[in-house]
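Here's the structure, in structure tokens; my notes come after.
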Amino acid sequence: MDFKVVEAKWQKFWEEHPGLYRADDDSDKEKKYILVEFPYPSGSGLHVGHAFSFTGSDIYARFKRMQGYDVMFPMGWDAFGLPTENYAIKSKRKPQEVTKENIEMFKGQMKRLAYSFDWEREVNTSDPNYYKWTQWIFIQLFKKGLAYKKEMPINWCPSCKTGLANEEVVNGKCERCGAEVERRTISQWVVKITEYADKLIEGLEKTEFIDKVKRAQINWIGKSEGAKIRFQISDSQLKIKELEVFTTRPDTLYGATFMVIAPEHELALELSKRDEKIKNYLNESRKKSEMERAELNKEKNGVFSGLYAINPINNKEIPVWISDFVLSSYGTGAIMSVPAHDERDHAFAKKYKLSIIPVISKENWNFEEKACSEANSGVMINSPKWEGLKPEEAIKKAIGWLTENKIGEKSNSYHLRDWIFSRQHYWGEPIPMIYCQKDGWQAVPEEDLPIQLPEIEVYEPTEDGKSPLSKIENFVRCKCPICEGEARRETDTMPNWAGSDWYYLAYCFAKKLKNGGQDNFNSDLDSNRVFVDIFSNSSKELKKWCPVDVYVGGDEHNTLHLLYSRFIYQFLSEIGVLPNELPEPYYKRISHGVILGPDNQRMSKSKGNVIVPETVIDIYGVDVLRMYLMFMGPFEGVMAWNEKTLMGVKRFLDRFSLLIDNQIKLGLDSSEKSKVLINKTIQGISRDYESFGFNTAVAKLMEAVNRLDLMGKEELKVMVQLLSPMAPHTAEELWQRLGGKGSVHQSSWPIHDKKYLNKDKISLPIAINGKVREVIELDTERVNDKEYLMSAIESSEKLMKWLEGKEIVKEILVPGKMLNLVIKG
RNA sequence: GCCGCUGUGGUGAAAUUGGUAUACACGCCAGACUUAAAAUCUUGUGGUAGCAAUACCGUGUGGGUUCGAUUCCCGCCAGCGGCACCA
């Protein structure tokens, strides 16, 4: 069978039958929404890693369709992003054009790989008809007070005079020019995702994400319970008169012998104006990344602020230090230091000779030597108000005392931070905001959306790091929507998460989106009407398709993308523009594995280890690649590309075709044996597909094909159906040869008949002291009959030899599984 | 640094979730076909000892729980992934 002929024939057939994979908004069939993360259409094209996750998802979608579900399996393009912009700068081409070409390349590859996407629902985040709604969502966030402007740090290259992505910073240096990267703060749009921290934890209970994804989300949000405590500063000449800290251990308040604030803390900034030494320290720490700063083993440096604060519990004056091991992004940016019970505080105290007071007892412990951070040992000491209590009781008492005296209160802190939403780049959605001298920041009126990204010539940022859009005067200049006076547009664009936050919703009404959501637009109604038609709590499409039943994606998106999109979903749901019976956007999350390059490294253009599907499909065909990818290892696994076992899959498909032709000639009838075999195979493979166990599904097919000589025509047709999700071309061809009607992909999935799976004989392994010594044949019916069992054992010479002269102390019978005899003597 | 994952033949990997360890494939050995090679087909293939039946050892490593551990618990060793402006 020549794969080139077969592929061409069936690709043509599918093109001529476009309805095959259409998701039907109006069908009565039960729906399944199967989603795989849409790709960023990069210039290097689709590689075998993409092919791996798409193939697995495609198999599942085809399987569900054959089981009779109305399946939506869509695809689109996460088209905005930095690499395209960088490429545009280098090649002096328009990102729009480059993106269009890349999408065409990806789509061509996907079609060739026979993915059963419903192309009528294709979406593209860089299409104005799409990002109009991305902008609309931002405006809703702003209107609800969830988007605000704040000074936030970015990576800044002083030589290129541009902001850098973390990825562009290599060992603290600029990837392009090698200059030292600095941290610089600029005013940016920030979204208050922290307001949803608890809801994002609670919502997980309504999902069936795999465990590690749930854990990843919870850890990322990083909720910790504790208290806020306010310390008064004794120097009254400053603007700031008190320092607020967050601590999980208010019980150790008596042990707080000094305080440390982050270099970005307001107080530090104020002090740096009058103190040269502090100013220098702040400049130093600006160069370090957060990861460097938080490292536990690194020596901690700091500078004394010259100030003292008052520990409210005992009115003692304690020094205030500035050090960059305290992060401004976590808690309040200031800590109370308890050196006796925290390693970092201890190291800092030793270095600067600050006093250490133990407040929890521990035997054989020299508190001058080492900190003791165990929370559950010992009792409180040196702590008059809660002396002798266990730490957990002391925490309650401490919070009570703080609240009573209005010095502090119970509080939670989260590792999760608000979401920096501004990018100083061109290739993204313009943030739809307008600044007026008089009225401040105003949202663009909804009827003016989308704010189109203007086509420009130069994509570099400005000298002072502003988005290239700021150079386009007729883009920037606009009218204030309130006073109609002169105003200026925001020139920053959105991060690329913005478009992917709601694409799973966009697929549902993709057909309406194509013409700007206006096909139901009625000019007699008010202008907001159009928005209600797309996002609406009575939307027919959303009601039908949401939530996503299975969402397949990579581990690298298990925290950010998943959290951001769940947040946006919860937000939209709360403002009433989604059908409200849907608690979460995704019901199940499956995380797919990674295919590394042959060198065991992540595939990337710069490493030159990218393997494209064409290297296999040009020589062996699409079906071989698809099956081989699935056979390489488990769907969640990490595996390096190697073509060693590829020949096995090729041989398998060749042999399968050859044997089918032989069997057709022989024209055997079904036999008892063939029925047992095929029903076992149906059961096994259905179970494997359902659980994304594609590698074992391939193995089971191979096993069955090794016994294909037994099979009659009916079983052969079933075999082809079982194969069809993995090898769609070969299966269509064989289905036709077997006289199957229409497309095999529209046939009904076979169901196993239990009556062929119950055997009358069973092989029961007999173990002696846990080691299997014999396998005996037994009648299934009487397998739990003790007398029958013992007589079977006695008739085995081998077992009797083991049991000779020994006493059976215990018998453990696991019904149907094994019998273990424990012997003595 | 923080969070998480993985470790089974020469290789990719299975093991119904505590019940016959190594399914399925690659590779390799031997044989058939062929003038020959390729392709294809047949047989064997964890280690040690033995002609063999068989026995002992064996899932990174050291302990533990259990009638029974690749699977559960504790310690160690090695490798990998993610970490907020890559997507």
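Side-chain atoms are counted along with the backbone in the values below, which use heavy atoms only and exclude waters and symmetry mates. Labels below follow one simple rule: chain letters A, B, ... track the order of the sequence lines, proteins then strands, and each chain is numbered from 1.
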Can you tell me how far [atom1] in [N] sits from the matching atom in [M], rounded to whole Å?
N	M	atom1	answer
B:U71	B:A15	C1'	10 Å
B:C5	B:G60	C1'	16 Å
B:A21	B:C28	C1'	22 Å
B:A13	B:A52	C1'	33 Å
B:U20	B:C72	P	16 Å
B:A37	B:U48	C1'	39 Å
B:C74	B:G81	P	26 Å
B:G44	B:C56	P	25 Å

Using a 4.0 Å heavy-atom cut-off, does [X] contact any base of the nucleic acid, only the sugar-phosphate backbone, or nothing at all?
X	result
A:Met818	base
A:Val822	sugar-phosphate
A:Gln188	base
A:Leu560	base
A:Phe652	nothing
A:Leu701	nothing
A:Glu37	nothing
A:Asn558	nothing
A:Ser422	base
A:Glu703	sugar-phosphate
A:Trp802	sugar-phosphate
A:Pro634	sugar-phosphate

For the pair [X] (side chain) and [Y] (backbone), establish whether a donor and an acceptor sit closer than 3.5 Å, ignoring hydrogens and angles.
X	Y	result
A:Asn695	A:Met630	no
A:His50	A:His47	yes
A:Arg626	A:Met726	yes
A:Thr194	A:Arg417	no

(message) Counting Watson-Crick and G-U wobble pairs with both distances under 3.5 Å, what is the dot-bracket string for RNA chain B, 5' to 3', using [ ] for crossing pairs and | for pairs to another strand?
(response) (((((((..(((......[....)))((.(((.......))).))((((....))))..(((((..]....))))))))))))....
(request) Between A:Met632 and A:Lys700, name the one whose nearest nucleotide on RNA chain B is closer to the 5' end. (result)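 The answer here is A:Met632.
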(request) Please tell me which of A:Arg655 and A:Lys771 maps to the more 5' nucleotide of RNA chain B, matching each residue to the nucleotide holding its nearest heavy atom. (result) A:Arg655
(request) For residues A:Ile431 and A:Thr493, determine if any side-chain heavy atom of one lies less than 4.5 Å from a side-chain heavy atom of the other. (result) no
(request) Taking the side chain as every heavy atom from C-beta outward, state whether A:Glu556 and A:Val594 have any atom pair closer than 4.5 Å. (result)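 A:Glu556 vs A:Val594: side chains apart.
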Out of [options], which has the shortest distance to the side chain of [X]?
X	options	value
A:Val772	B:U20, B:C5, B:C67	B:U20
A:Asn706	B:U20, B:A84, B:A25	B:A25
A:Pro83	B:C86, B:C3, B:G19	B:C86
A:Ala699	B:A23, B:C67, B:C85	B:A23
A:Arg215	B:C26, B:C86, B:G4	B:G4
A:Phe631	B:A13, B:C24, B:C67	B:C24
A:Arg651	B:C24, B:C26, B:C83	B:C26
A:His425	B:C85, B:C86, B:A55	B:C85
A:Asp78	B:A87, B:A14, B:C67	B:A87

base_contact_polar ([N] base, [X] side chain, donor-acceptor, <3.5 Å):
X	N	value
A:His561	B:A84	no
A:Asn820	B:C67	yes
A:Glu636	B:C5	no

(request) Could you classify B:U61 for me, syn or anti, using a glycosidic angle within 90° of 0 as syn? (result)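 This nucleotide is in anti.
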(request) Identify whether the glycosidic angle of B:G9 places it syn (within 90° of 0) or anti. (result)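 You should classify B:G9 as syn.
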(request) Answer with yes or no after comparing the ring centroid distance for A:Trp502 and A:Tyr130 against a 6.0 Å cut-off, counting only values under it. (result)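 Yes, ring centres under 6.0 Å apart.
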(message) I need the NZ-P distance between A:Lys680 and B:U16, as an integer number of Å.
(response) 15 Å
(request) Would you mind reading off the distance between A:Arg602 atom CZ and B:G79 atom C1', rounded to a whole angstrom? (result) 16 Å
(request) List the steps, then state whether ring pair (Phe, Tyr, Trp, His ring centres under 6.0 Å) holds for A:Phe80 with A:Tyr131. (result) CA-CA 10 Å; A:Phe80 278 130; A:Tyr131 67 68; 5.8 Å; yes
(message) For A:Glu490, is there an ion pair with A:Lys149 - N to carboxylate O distance below 4.0 angstrom?
(response)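 Salt bridge: yes.
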